Amino acid sequence: MPFIAFEGLDGSGKSTLMNQLETQLKKNQISVVRTREPGGTQLGEEIREIILRISGEAPTPRTELLLYQAIRAQHVDQKIRPALVQKQWVLSDRFAASSLAFQAGGRSIAESDVLWLNSFSTQNLFPDLTVLLDLPVEKSEIRRQQREQNTGIQSDRIEKEKQDFHQRVRDSFLSQAKQNSQTWLVLDAEKSTEQLFENLWTDLRRRGWVSSPL
Ligand code: TMP
C-alpha cells in the first residue's frame, strides 16, 4: 500500500490537503493511517514537546537531529511498518525529507550525515510518494503571523528561525524534488485548495493507486 509523506514550509497547507485526501480515500473504502513527524507515537509526541518548546535548554543542532531521528525510528517500527503490513495506506505529515531540509539545509549539518541517519532510523523505508507544497518564504511567514493572530497558537522554536534559515529549507526541498522527480510531486501551495486536491488526485490515478474520478 502507498506510503505518502507531505512536506513544505510551515503554513503551506499540508493539513488541509491531507484532510481532503483522507476523506476521499475513506469514501473509496480505503483504510488509511494518518500520522505525523515529529510525533506519531506516544514517545514521539513526548520528544516533540522537548524539541519544539521555546522555554528550557535548547538542543544543539546535532542533538536536535538525533531527537528527530529517534522519533523516526520509533515511528517506523511502531506505526508505519505495522500499518503497511496490514495493507493500510499511510499519510504522514513530514518524514525524512524534513531532516534533510531543516537539519542539513537549515542548520548546515553535512548532508551525508543526515542521509546516513535517515537510512538508519527508517531501515530504508522511504515514502512511495512525497508531496511538496511549495511556498515562498515570505508567504509562509505571513500565514504564520495570521495563524498566531487568529488562533493565539505561538510559533515554535523552529518556526522562530530567521528568513535565511527558511530559505535554505525551501531550497533543499526543491532540490530533493528535482533529484527524485519520480517519487516527488511538487504543488504550488498558493493555488486554491480545490485545485491542489485535484492535482494530487490526478497524480494518484496516474500512478494507478486509485481508480475513481473525483
Ligand atoms: P510541524 O509544525 O509541521 O508539525 O513540524 C514541526 C517542526 O519540526 C517544523 O518546523 C519542521 C521541523 N522538523 C525538522 O526540523 N526536522 C524533521 O526531521 C522534522 C520531521 C520536522
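All values derive from a computational prediction rather than experimental measurement. Counting convention: from 1, in listed order, for ligands and their atoms alike.
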Next on the checklist: salt bridge (Lys or Arg N to Asp or Glu O under 4.0 Å) for E190 and R143? Distances and angles first, verdict last.
Outcome noted: CA-CA 11 Å; E190 291 187 79; R143 289 187 185 186; 5.9 Å; no
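- Closer than 4.0 angstrom to ligand 1 sit non-hydrogen atoms from D10, K14, E37, P38, R48, L52, Y68, R72, R94, S98, S99, F102, Q103, I158.
- Around atom CZ of R62, no more than 12 heavy atoms belonging to other residues, nucleotides or ligands sit under 6.0 Å away.
- For F120, the side-chain contact (heavy atoms from CB on, under 4.5 Å) partners are W116, Q123, not counting sequence neighbours.
- As a member of the Ile/Leu/Val/Met/Phe/Trp/Tyr network built from side-chain separations under 4.5 Å, I50 groups with nothing else and remains a singleton.
- For S140, the side-chain contact (heavy atoms from CB on, under 4.5 Å) partners are L9, L135, not counting sequence neighbours.
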Item to check | Stepwise ring pair (Phe, Tyr, Trp, His ring centres under 6.0 Å) check, F95 with F3 | outcome: CA-CA 11 Å; F95 195 66; F3 166 24; 5.0 Å; yes
